[in-house]
Amino acid sequence: MSELEDPVATLLRLINSRIRVTKDNGEAAKLLASEAAFDREILLKEYDAQITLQVDPVLGVQDQKLNLSGSLRRQVHFFKCTVHTIDKVAPGADAGRVMRNKVTEQIKAIIRENRTLPYQTIYNFAGIGYPEGDPHKAYAAGAASELAPSAAGWTELTNLEYQGIWYSDDVRYSKSVAVNNQYGLMLFRFKVGPREQCVKSLVLSFEGYGTAPGGNGVTVKVWNHIAGAWQYAQYGTAGTDETLTITISANWTDYIDSDGYVWMIARTTNPSNGVTPAVVYCDYVQLTVQVRGITNCDVVSYKPIDIVEVKPFLFKTEFVLKGWAFENITLG
Ligand SMILES: [Ca+2]
């Protein structure tokens, strides 16, 4: 049973997963994008900017009839999206107005550039390291079989090792195993944002390769937590980078566990012989998730609404955004 995702959740994920703002000193700005309401305390203490999103209280949702009978319809959702910044006294902080303008440009770019794909999110490991929080994780092991995600044999990558899988840049992480009959294994855990009931597509991809005395090749699979089995096997045969893709076409909830994780394994197709190692190389991995929900989005308008009567000044941009979805309804 699938359901439509709340459009506010869809747009917030779009913004959160793509927004990157660099401060004048070269550091990444710390941003909070959430449902309304604005929190002055949290902005003063912890963040360089706060972005709030809600259904526009004036424009709301329009239900448009697209044909004479009214069977083809379009639901247009309007949103109020507000950027909030202040002049911070913290060292290294941008001036409030400068930060506001940077965040405004980012929101504008993200919404316009993803006009036809607001429902798609690409998850990867860029910027992630050990032992940071709850999100995506990567592990390696040597074993004679495909270990389950919960097996004890996995070791998480180190901070430096994670950097090998951040980007598709020919800088790779590799796991070498020289025990007879053992494979080089890697395990990837992706933390998926949406409610699993809203998911309509999961696509995993692995860029890398494997080498072993019995021949080149890497095998990738995804974990079915209901069946307790690795499934959707894809095989590579090269001794240089190739991209293997797993497309899950049905029963998505079987592949998203109760913690919201999707698990992928990669192993050398052939084992070590105890003399020559089996080595699995990974340049990059990603998970692309699509949800059922709004299919388009756009910017309607925006304006600065600074509040400079009280200190610290509050710099704000207020956007009106829209998102829409088509419906084909059965008439009685
Ligand atoms: Ca890489």
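Ligands are counted one by one from 1 in listed order, and the atoms in each one are counted from 1 as well.
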Can you confirm if the aromatic rings of Phe78 and Phe319 lie within a centre distance of less than 6.0 Å? no

Of all N/O/S atoms in Asp169, the name of the one nearest the Ca ion (ligand 1): OD1

Inspect the contact between Glu105 and Lys102 and indicate whether a charged nitrogen and a carboxylate oxygen are less than 4.0 angstrom apart. no

To 10 degrees, how wide is the angle O (Val171) to the Ca ion (ligand 1) to OD1 (Asp283)? 90°

Would you call the rings of Phe313 and Phe315 parallel, tilted or perpendicular if under 30° counts as parallel and over 60° as perpendicular? perpendicular

Can you tell me, to 10 degrees, how wide the angle at the Ca ion (ligand 1) is between O on Gly164 and O on Tyr167? 130°

Determine whether the side chains of Glu146 and Tyr183 contain a donor N or O and an acceptor N or O closer than 3.5 Å. no

Let me check your reading of the structure: within less than 3.0 Å of the Ca ion (ligand 1), is there an N/O/S atom from Asp170? no

